[in-house]
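What follows is one structure encoded as structure tokens, with my remarks underneath.
Numbered from 1 within each chain, the chains take letters A, B, ... in sequence-line order. Quick caveat, the model's predicted, so the values are computed rather than measured.
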Amino acid sequence: MTMPSASFSPSGGSASGSVLVVDDDPDIRELIIAQLERESFAVRAAGSVGETLTALEEAPADVVVLDLNLPDGDGLNLCRDLRSRGYADAIIMVTARDSAIDRVLGLELGADDYLTKPFEPRELLARVRNLLRRIGSNESGAEALARPRNARFAQFGPWKLDLLLRRLVTGDGRLVMLSSAEYRLLSRMVEAPNQVLGREALSPERKATVAFDRSIDLQISRLRQKLAAEKGGADLIITVRSEGYVLAANVTYE
Amino acid sequence: MKRIWRLVCDFLASLAGRIALLLMLGIASASIASLVVAEHLRILALQHLQLERVVASTADIANRFAHNPEATQSQLDARDLFGVRNAMPDAVLGEADPRLADMLEQNMGVRAGITVQRITSKCFGEAYVNRNSIAGVKGKIDIDCWQVGFTDARGVRRLVTIDLFALEIPHNGSLDPIYLFLIVLASALVSLWAARLTTVPLRRLTGAAQRFSLSIDPEAIPVSGPGEVRVALETFNLMQQRVRDGFRERTHILAAIAHDLQTPITRLRLRLEQVQDATLRERLVGDLAAMQSLVRDGLDLARASENREEWSMVDIDSLVTSLVEDHAEMGAPVTLSSQCGVSAWIKPDALTRCLENLISNGVKYGGEARLTCAIFEGSVEIAVADSGPGIPEERLAEMFEPFVRGEASRSRSTGGTGIGLTIARAQANSFGGVLSLANRPEGGVIARLSFPIQGPDGTA
């Protein structure tokens, strides 16, 4: 069986995109479909591992919403299978198991995102949209090549950024924790190292107020302080006057 | 001086102290008693030896009388025989010595009609005074004399005085104070060592129980040592296993319930989107969210007690400031006024969840959360203070019990499930942290979390 690995048109004008919902509970399946269809996604459904494979053979899907408990197999294994066969499109795992182990395992097996039941319908929509946007930008942007799908650590200077648990690790394994804002900023910078990033690029969710918002500068200075704690970490973030900030380091993934 | 006295008292109150004291007294008194007995036997043996010499002298003179009575009598009269003379007429006689009589009868036969009496008066008269001192004998000479009567082989009754140098019993050094002191010292050392040896397994058990009280999932104690100790350790390990199994079962039940509840809750949540009436929908979503948080907290509580997170060296300040910034970003009144500048060997997620719960309690019930971090004697102490109404002193302890709230009416409106502090404490315990609650004199509650900088096995 050959897995489809067709390319997709970037989700441009309307919120179009194809989604495959995999869940063994028919009610939940229907309800999710209803939610997504309301946002004019092209939605199909599957109730088991077999149905998923058949559906993907018929036509590719931009995003697979994958439940972990399936009657004829485990979503984790299905995810790993799909990836090993070269399936390259986005997978969101949905599960009732809310433990860090599952999350880590799911993401390491090649899922792109993770959602725990019960979730807010809006949350699911946001994640699907977000993934579609990333697929779109991946195909056009250059940084798509930089980050392998199941990389866990981004290494730069003396630091490693744990992309899963969202914290910094020193060379000798000491942990330095990050606030959500700091992680957001740092992960954006790590995605585009050695490029000047303006405030809009660093904090798109604050576009409306960003021109007046000084909190980014505060967060950057805190981040600098944390990075400077390790030898050789002092000048990683450079200010470019009236333009923004640069992460002056090469990033490797492992 | 008082401190030393207290140390001694503490030692004697301990099992090791009592065993040591008992053993020391036992060993010392047994060895001293055996020394005393040995000394007594030695004296008896010497006395016996003296008596045997009397018997030998008597036997000798009886023998002389038997073979040559005239010559012997003339020798006696001339005082030519050493150690034997004619009986002294003026001698004061002591009591008969039955032991000596027995010995003589055994030696010479019953028919000899032996009588023997110790002479208690100065038995030798001035016999030696005129003579020069005897070679090898220094100073005053003590002489013991016995008056012995017997019938010789020819039927003549003889009465003689036997005189012998008094046996001076040599001094026995083993009962000297210095030796007694050495005996007591040696027994004290042996006792201390023995007491230590007996309490080693007890201390191992105590340590294991302590670790068990902090974390539900510690290592089993290695089973080694003498038989009884091994049995005790095996039993302890078995108990530990049983308790752990019980906890795991509870966790599984809770997890199963929570897990199975999540599917209908998800369905319900998705269906609520179809409710047209916006006000009704908001209320239903709110109710469902309350249910959901109860399920989630229940699951958290179950999981907290068997936390399998890995220990890590964590920069404590970065963790605390990140938490504070996250809350401040959401507009919550959470501040940090002092940092502690250390890294500690802990479980970072457990510490984060513990502090999360303390902060959200402070914000919910006390209007704010003010954090401080400080170092006390090798421990990190993170305090979370609020400025709420506080908690009645007598109810402080029960706040850690699950489903106990500060004040029912108020917390209903805040939507707490009442197990936030229970979870916080379970999370703290999972990395050796101790959580306590107190009212601040200036009002409000302060929660103090302290944990060692180094891990329980000294890793850091």
Over all atoms of both residues, closest heavy-atom pair of [X] and [Y]:
X: A:A249; Y: A:P193; result: O-CB, 3.4 Å
X: B:C354; Y: B:A424; result: SG-O, 3.4 Å
X: B:A447; Y: B:L358; result: CB-CD2, 3.9 Å
X: A:G232; Y: A:P158; result: O-CD, 3.5 Å
X: B:S430; Y: B:W311; result: O-CZ2, 4.0 Å
X: A:S48; Y: A:D72; result: CB-OD1, 3.3 Å

Report task. With a 4.5 Å heavy-atom cut-off (strictly below), which parts of residues 267-286 of chain B touch chain A? List them by number. Result -> B:R267, B:R269, B:L270, B:R271, B:E273, B:Q274
Query raised in the report: Taking non-hydrogen atoms and a cut-off under 4.5 angstrom, which of residues 319-327 of chain B neighbour chain A?
Result: B:L319, B:T321, B:S322, B:E325, B:D326
Query raised in the report: Listed by residue number, which members of residues 223-231 of chain A have a heavy atom under 4.5 Å from any heavy atom of chain B?
Result: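 Near chain B, by residue number: A:K226.
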Query raised in the report: Do the side-chain N and O atoms of A:D217 and A:Y245 include a donor-acceptor pair separated by under 3.5 angstrom?
Result: yes
Report summary line: If you tally heavy-atom pairs under 4.5 Å between each of A:Q35, A:M177, A:R38 and chain B, the highest tally belongs to A:M177
**Report entry** Options A:I28, A:T170, A:L124, ranked by heavy-atom pairs under 4.5 Å with chain B, top entry
**Finding:**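 Sorted descending by pairs with chain B, the first entry is A:I28.
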Query raised in the report: Should the ring pair B:F451 and B:F431 be called parallel, tilted or perpendicular, given that the plane angle runs from 0 to 90° and is split at 30 and 60?
Result: perpendicular
Query raised in the report: Which residue, B:V380, B:L355, B:V384, forms the side-chain contact (heavy atoms from CB on, under 4.5 Å) with B:L449?
Result: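 Only match with B:L449 under side-chain contact (heavy atoms from CB on, under 4.5 Å): B:L355.
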Query raised in the report: So, do B:C373 and B:I382 sit near enough that their side-chain heavy atoms are less than 4.5 Å apart?
Result: yes
**Report entry** Minimum side-chain heavy-atom gap A:L186-A:L168 below 4.5 Å
**Finding:** yes
**Report entry** Partners passing salt bridge (Lys or Arg N to Asp or Glu O under 4.0 Å) against A:E123 (at least two apart in sequence or in another chain)
**Finding:**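 Testing A:E123 for salt bridge (Lys or Arg N to Asp or Glu O under 4.0 Å), a comparison that skips the adjacent residues, returns A:R127.
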Requested in this report: Working to the nearest 0.5 Å, report the span between CD of B:E329 and OG of A:S180.
Outcome: 6.5 Å
Requested in this report: Look at B:D315 together with A:R167 and state whether they make a salt bridge at an N to O cut-off of under 4.0 Å.
Outcome: no
